[in-house]
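Beneath this line is the structure, given in structure tokens, with notes to follow.
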There are 2 protein chains.
Amino acid sequence: MEFDKLVHQPTRLQIFASLYANGETSFTDLKDDLEITEGNLASHIERMEDEDCVAVEKQFVDRKPQTTYRLTDRGTELFEAHVETLESLIDGLDT
Amino acid sequence: MEFDKLVHQPTRLQIFASLYANGETSFTDLKDDLEITEGNLASHIERMEDEDCVAVEKQFVDRKPQTTYRLTDRGTELFEAHVETLESLIDGLDT
DNA sequence: AAAGTCACTTTGTAGCACAAAGTAGCTAGG
DNA sequence: CCTAGCTACTTTGTGCTACAAAGTGACTTT
């Protein structure tokens, strides 16, 4: 049983889950959904970018800047693998 | 969605899961199962004891000291609650 | 009495997470 | 045009925590 620290960290696990479930999500929406500070979100996203887990798109919407994120293939894989790890841990509880 | 840091930490999550699935487990068995150092195991157990999650029993078996651990009611509750949190996160992925 | 075993305890370090405050690019209003 | 305001960071700093490694103590075996 191995835990990927990058994915397992609580806040990032929720970022992964949110991006996985909702597809593209904006910086502001993520921040509001997870109720975390901007700096905190930015630093977690940065780590995920460093590991090629998140792709970033910057554009203007309604004449305001908007940054959207989505999981890369690698990010999706890592998250799915981690979910499987969690599921197998939970399944193992009945033995 | 709230994550209990005490339970969510990777090593402790596995300690919780192991105790939950196997009931009483000895120090040595836990150490071997999880492949961690003694100091590391002891410190995690200590934190769990501080939070009333683990009960400790010390006795001699075959004339050797043996310490066994089991989850307290509170420990069991916290773990089950955390598993539910994880399950609901996973279930939420289909939306 | 010397060595070994189990179960810690102590000590030290490096790596986060997080908050708070500062910054940069762009837009809107007077 | 210049100032205020918004979004999305970046920087800075602190405090916690995991973890390894080495030391300790109670007891047993030889």
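Just so you know, these numbers come straight off a predicted model, no measurement behind them. The sequence lines fix the lettering, A, B, ..., with proteins before strands; numbering per chain opens at 1.
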>> Just the rounded figure in Å: distance from P of C/dT9 to CD of B/Glu46.
In response: 6 Å

> Given atom CD of A/Glu51 and atom P of C/dC16, what is their separation to the nearest angstrom?
Replying inline: 10 Å

> To the side chain of B/Lys64, which of C/dC18, C/dT27, C/dC6 is closest?
Replying inline: C/dC6

> Phosphate oxygens OP1/OP2 of D/dT17: is one of them under 4.0 Å from a side-chain N or O of B/Ser43?
Replying inline: no

> In whole angstrom, what separates A/Lys5's NZ from D/dT17's P?
Replying inline: 14 Å

>> Check this one for me: any side-chain N or O of B/Lys58 less than 4.0 Å away from OP1 or OP2 of D/dA26?
In response: no

>> Just the rounded figure in Å: distance from C1' of D/dC16 to CG of B/Leu6.
In response: 14 Å

> Any idea which heavy atoms bring B/Phe27 and B/Glu38 closest together, and the distance?
Replying inline: CZ-O, 3.8 Å

> Between atom CD1 in A/Ile36 and atom C1' in D/dC9, what is the gap in whole Å?
Replying inline: 13 Å

> Is there a donor-acceptor pair under 3.5 Å between the side chain of A/Thr72 and the backbone N or O of A/Arg70?
Replying inline: no

>> In whole Å, I'd like the distance from the CG atom of A/Leu41 to the P atom of D/dT11.
In response: 16 Å

>> Any side-chain N or O of B/Thr37 below 4.0 angstrom from OP1/OP2 of D/dC19?
In response: no

> In whole angstrom, what separates A/Asp32's CG from D/dC6's P?
Replying inline: 14 Å

> Which heavy atom of A/Leu86 sits nearest a heavy atom of A/His8, and at what distance?
Replying inline: CD2-CE1, 4.2 Å

>> On the nucleotide C/dC8, are OP1 or OP2 found under 4.0 Å from the side-chain N or O atoms that B/Tyr69 carries?
In response: yes

> For D/dA18, does OP1 or OP2 lie under 4.0 Å from any side-chain N or O of B/Asn40?
Replying inline: no

>> I'd like to check B/Ile15 versus B/Leu41 (side-chain heavy atoms, cut-off strictly below 4.5 Å). Are they in contact?
In response: yes

> Of all the choices, D/dC27, D/dT7, D/dT29, which nucleotide is nearest to the side chain of A/Thr28 once you look at every atom?
Replying inline: D/dT7

> Which of these nucleotides, C/dT27, D/dC27, C/dA7, is closest to any side-chain atom of B/Phe60?
Replying inline: D/dC27

>> For the residue pair A/Glu49 / A/Tyr69, report whether a side-chain donor-acceptor contact shorter than 3.5 Å exists.
In response: no

>> Can you see if the side chain of B/Arg63 gets near the phosphate of D/dC27 - specifically, an N or O under 4.0 Å from OP1 or OP2?
In response: no

> From the list D/dC19, C/dC18, D/dC27, which nucleotide is the closest neighbour of the side chain of A/His44?
Replying inline: C/dC18

> With the threshold set at 4.0 Å, does a side-chain nitrogen-carboxylate oxygen contact exist between B/Glu51 and B/Arg74?
Replying inline: yes

> What's the CG-P distance between B/Asp50 and D/dA18, to the nearest Å?
Replying inline: 12 Å

> Under 4.0 Å: is that the gap between some side-chain N or O of A/Arg47 and OP1 or OP2 of C/dA17?
Replying inline: yes

> On DNA chain C, nearest-nucleotide positions of A/Pro10 versus B/Phe27: which is more 5'?
Replying inline: B/Phe27

> What nucleic acid atoms does A/Gln9 come within less than 4.0 Å of, heavy atoms only: base, sugar-phosphate, or nothing?
Replying inline: sugar-phosphate

> Hey, does A/Gln66 reach any base, or is it just sugar-phosphate, or nothing, if we go heavy atoms under 4.0 Å?
Replying inline: sugar-phosphate

